[in-house]
Amino acid sequence: MHYSIWSILQQGFRGGRGWVRAWRAPVPQKSYDMIIVGGGGHGLATAYYLASQYGITNIAVLEKGWIGGGNVGRNTTIIRSNYLLPGNEGFYELSLKLWEGLEQDINFNAMVSQRGILNLFHSDNERDAAARRGNSMILHGADAELLDAAALRKLCPFLNFDNARFPLKGALLQKRGGTVRHDAVAWGYARGADRLGVDIIQNCEVTDFIIKNGCCNGVETTKGKILANKVGVAVAGSSGRVMAKAGLRLPIESHVLQAFVSEGLKPILPQVITYGAGHFYISQSDKGGLVFGGDIDGYNSYAQRGNLPVVEHVTEGGMALMPMIGKARLLRMWGGLMDMSMDGSPFIDRTPITGLYFNGGWCYGGFKATPASGWCFAHLLATDEAHAVARAYRLDRFKTGAVIDEKGAGAQANLH
Amino acid sequence: MIINHPLLGPRDASEFTYLGDASLLMRPNSDDIDAYHDYIHLRDNPDGLHRELWFHEQGDRSWLVITRNTATHEITKVELARKT
Ligand SMILES: Cc1cc2nc3c(=O)[nH]c(=O)nc-3n(C[C@H](O)[C@H](O)[C@H](O)COP(=O)(O)OP(=O)(O)OC[C@H]3O[C@@H](n4cnc5c(N)ncnc54)[C@H](O)[C@@H]3O)c2cc1C
C-alpha cells in the first residue's frame with residue numbers, strides 16, 4: 001500500500017480496517033543470494049539499496065531481536081555532516097543528501113527536521129579550529145557558517161554566555177543538520193526493502209558462520225542453517241562478539257553510551273546544540289522532551305545500561321550550559337552499545353574471509369550515517385569494490401598508517 | 001560500580017580511569033611489526049569476563065587488574081597490576 005494523504009483519508013472512512021502489515025514475517029528460505037546480519041538501520045538500509053539500486057532482491061536480513069530494538073531505536077537522532085577529514089566528510093555529506101530525499105524515496109514519514117546544529121566554542125583557538133572545519137565542510141559541498149557571540153545570542157539567548165570556565169565566544173552552525181525520528185528510519189527502510197522482495201526475519205540470531213577453505217557460504221542461526229554466496233555483517237555494538245565467531249579480532253571495543261529525555265515542555269530549543277567542553281549535547285523532540293546526552297561511560301560493556309557517575313556528569317554539563325534545565329524533570333534514561341573503533345572512524349570493507357563483509361565501528365555517530373552506510377555497503381556487496389566516498393574505511397588502515405583520527409586521540413577507543 | 005581496592009578497600013569507580021584489556025601489560029618486541037600492530041589496535045572485546053586495567057588516578061595512583069563481567073558489570077576479582 002502506498003502511503004499518502006489519500007490513503008489516510010480512504011482508511012479514515014473505512015475505520016482503518018484496510019491497513020496492512022508494513023512488512024511480512026516470512027519463514028527463512030534454505031538459501032539466498034545474500035544475507036545481511038543485523039536488522040538495525042545500517043542492515044535494513046543496505047538491503048533496501050541492494051534491492052532498489054542494484055536489483056538484488058533475493059536477500060534475507062537476519063535480526064536476533066526485533067527491528068528497531070538496537071541502537072537505531074536508542075540514539076539521540078542527530079544528523080549532520082560537520083566532519084573535518086577528507087576520508088570522512090565526503091561520506092557524511094552524501095549521507096545528509098540522502099536524508100534530504102529519503103522520505104520520498106521510501107514513502108515513509110521519518111520526520112527529517114533540518115533545524116540546524118550548533119557546535120559551541122569558547123576561545124580564539126577553538127574558533128580557528130571551527131573555521132577550519134567549516135572550510136573543510138564547504139570544500140566537500142556541505143554548508144557551514146561561523147557565528148560570533150552576538151549572532152549566537154540572537155539564536156539562543158538562554159545560554160549561559162558568561163560561564164567563568166567556558167565562556168561562549170560563538171558557534172559553528174550547520175543549518176542543514178538536525179534530527180530524524182529514529183524508529184521511523186528502521187520501519188521505513190524495512191517496509192521499503194520488504195516491498196522490493198527482501199525477507200526480514202526477526203528473532204533469528206546468527207550463532208555461527210559456515211566457513212570452508214577460507215570462504216563463507218552462509219550462517220547458522222536459531223532458525224537453522226541458511227546459505228548464501230555473500231554475507232554482510234552490520235551488527236554495530238555487537239561487532240566484536242559476532243565477528244569473533246568468524247575468528248576475527250577487530251580494532252574495536254564495545255562501550256556503553258547513555259541518553260536522557262525530560263518530561264514534555266513547550267518549544268524552547270530551536271536547534272541541536274553541542275557543548276563539547278562540557279561533554280553535553282541537547283535537542284528538543286517534536287513531542288517536547290529535551291533529548292540529551294554526553295560522553296560514553298568509558299569501560300568495555302555489552303550491558304546496554306550505564307552507571308550513575310555519568311548521569312551526574314552529563315546533568316552538570318547541562319546545568320553549566322543552560323541553567324534553566326534544572327527545572328525540568330527527567331523522564332527516561334537508557335544505554336546502548338557503541339562499537340568504538342581505534343581511530344573513531346568506521347569500517348565498510350571485505351574481510352580476509354571470501355564472501356564475508358563487515359560494516360561497523362560507528363562509535364556514537366552512526367545514526368546520521370545510516371543512509372550512506374547502507375548505500376556504500378550495498379555498493380561493496382554488489383560490485384566487490386569500495387564506493388568512492390567509503391574508500392578510506394578499510395580494516396587494514398592501522399597497518400598502512402592511513403588512519404582517520406578526527407580527534408587525534410590515538411589508539412585508545414574510549415577517547416574518541 | 002564499586003571497586004574493592006586490595007589496599008584501600010571499596011572505592012567508587014569514578015575515582016579511576018580506564019585503560020582497557022590487561023593484555024596490554026604484555027608488550028611485544030617492536031621489531032615485529034605485525035605483532036605490534038595487533039597489540040596496539042586489535043582487541044578480543046569479549047562479552048563476559050574481561051581482565052582489564054584501571055588506574056586509581058584520584059586515589060593512591062596504583063594500577064589494578066580487575067576481572068569484570070562486561071555483560072553485567074559485576075566485578076569478581078581485583079589485583080595490583082604486575083609486569084608478567
Ligand atoms: C544513547 C545513544 C545515542 C546516540 N546518538 C546518536 C546521534 O545523535 N547521532 C548519530 O548519528 N548516532 C548516534 N548514536 C549511534 C547510532 O545509534 C549507532 O551508531 C547506529 O544506530 C548503529 O547502526 P545500526 O542502526 O545498524 O545499529 P543497531 O540498531 O544496533 O543494529 C544492529 C542490530 O544487530 C542485531 N544483532 C546483533 N547480534 C546479532 C546476531 N548475532 N544475529 C542477528 N542480529 C544481531 C542487534 O539486535 C541489532 O538490532 C547513538 C547511540 C546511542 C546508544
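Both backbone and side-chain heavy atoms feed into the values below; hydrogens, waters and symmetry mates do not. Naming convention: chains lettered A, B, ... in sequence-line order (proteins, then strands); numbering from 1 in each chain.
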S.K.: Taking NZ in Lys77(B) as the centre, count heavy atoms belonging to other residues, nucleotides or ligands within less than 6.0 Å. Is the count above 12?
M.R.: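 No - once you tally the heavy atoms of other residues, nucleotides and ligands closer than 6.0 Å, there are 12 at most.
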S.K.: With a 4.5 angstrom heavy-atom cut-off, could you sort out which part of Pro309(A) is near chain B: side chain, backbone, both or neither?
M.R.: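 Answer is side chain: those atoms of Pro309(A) sit under 4.5 Å from chain B.
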S.K.: If you round to the nearest 0.5 Å, how far is CD of Glu312(A) from OG of Ser14(B)?
M.R.: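 Answer rounded to 0.5 Å: 8.0 Å.
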S.K.: Find the distance between CG (Asp21(B)) and CG (Asn300(A)) and round it off to the nearest 0.5 Å.
M.R.: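 Taking CG in Asp21(B) and CG in Asn300(A), the distance rounds to 7.5 Å.
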S.K.: With a 4.5 Å cut-off on heavy-atom pairs, point out which of Gly20(B), Gly48(B), Pro46(B) contacts chain A the most.
M.R.: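 Most heavy-atom pairs under 4.5 Å with chain A: Pro46(B).
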S.K.: Quick one: what part of Ala411(A) sits under 4.5 Å from any heavy atom of chain B, side chain, backbone, both or neither?
M.R.: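 Contact with chain B involves both backbone and side-chain atoms of Ala411(A).
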S.K.: Could you tell me if the ring centre of Tyr299(A) sits under 6.0 Å from that of His50(B)?
M.R.: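 Distance test on ring centres: not under 6.0 Å, no.
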S.K.: Could you tell me whether the side chain of Arg43(B) reaches within less than 4.5 Å of the side chain of Ile252(A), counting heavy atoms only?
M.R.: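 Sidechains of Arg43(B) and Ile252(A): no contact.
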S.K.: Rounded to the nearest 0.5 Å, what separates atom OG1 in Thr70(B) from atom CD in Glu253(A)?
M.R.: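 So the gap between those two atoms works out to 11.0 Å.
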S.K.: Counting heavy-atom pairs closer than 4.5 Å to chain A, which one of Asp34(B), Thr17(B), Asp44(B), Thr72(B) comes out on top?
M.R.: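 Top option by heavy-atom pairs under 4.5 Å: Asp44(B).
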S.K.: Check each atom of His41(B) against the heavy atoms of chain A and say whether the ones under 4.5 Å are side chain, backbone, both or neither.
M.R.: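 Looking at His41(B), backbone and side chain both touch chain A.
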S.K.: Given salt bridge (Lys or Arg N to Asp or Glu O under 4.0 Å), test Arg249(A) with Asp38(B) step by step and report yes or no.
M.R.: CA-CA 9 Å; Arg249(A) 290 174 84 218; Asp38(B) 294 0; 5.1 Å; no
S.K.: Taking every non-hydrogen pair under 4.5 Å, which of Ser341(A), Ser238(A), Gly298(A), Gly240(A) racks up the most with chain B?
M.R.: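 Most heavy-atom pairs within the cutoff with chain B belong to Gly298(A).
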S.K.: Does any non-hydrogen side-chain atom of Asn45(B) lie less than 4.5 Å from one of Leu250(A)?
M.R.: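 No, too far: nothing below the 4.5 Å cut-off.
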S.K.: Around atom CH2 of Trp66(A), are there more than 12 heavy atoms from other residues, nucleotides or ligands closer than 6.0 Å?
M.R.: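 No.
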S.K.: Crowded around Lys399(A) NZ? As in, over 12 foreign heavy atoms under 6.0 Å?
M.R.: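 Count over threshold, so yes.
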S.K.: Would you say Ser301(A) and His73(B) make side-chain contact, with heavy atoms under 4.5 Å?
M.R.: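 Heavy-atom side-chain distance check passes, below 4.5 Å.
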S.K.: Please walk me through it: do Met342(A) and Leu42(B) pass side-chain contact (heavy atoms from CB on, under 4.5 Å)?
M.R.: CA-CA 8 Å; Met342(A) 286 295 161; Leu42(B) 303 189; over 6 Å; no
S.K.: What part of Asp12(B) gets closer than 4.5 Å to chain A, counting heavy atoms only: side chain, backbone, both or neither?
M.R.: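 Contact with chain A is through the side chain of Asp12(B) alone.
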S.K.: Please work out whether the ring planes of Tyr18(B) and His255(A) are parallel, tilted or perpendicular, with thresholds of 30° and 60°.
M.R.: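 Answer is perpendicular, since the angle exceeds 60°.
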S.K.: Against chain A, label Ile33(B) side chain, backbone, both or neither, depending on which of its atoms sit under 4.5 Å from a heavy atom there.
M.R.: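 Neither; nothing under 4.5 Å.
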S.K.: To the closest 0.5 Å, what do you measure between CD (Gln412(A)) and CG (Leu24(B))?
M.R.: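 Here the interatomic distance stands at 8.0 Å.
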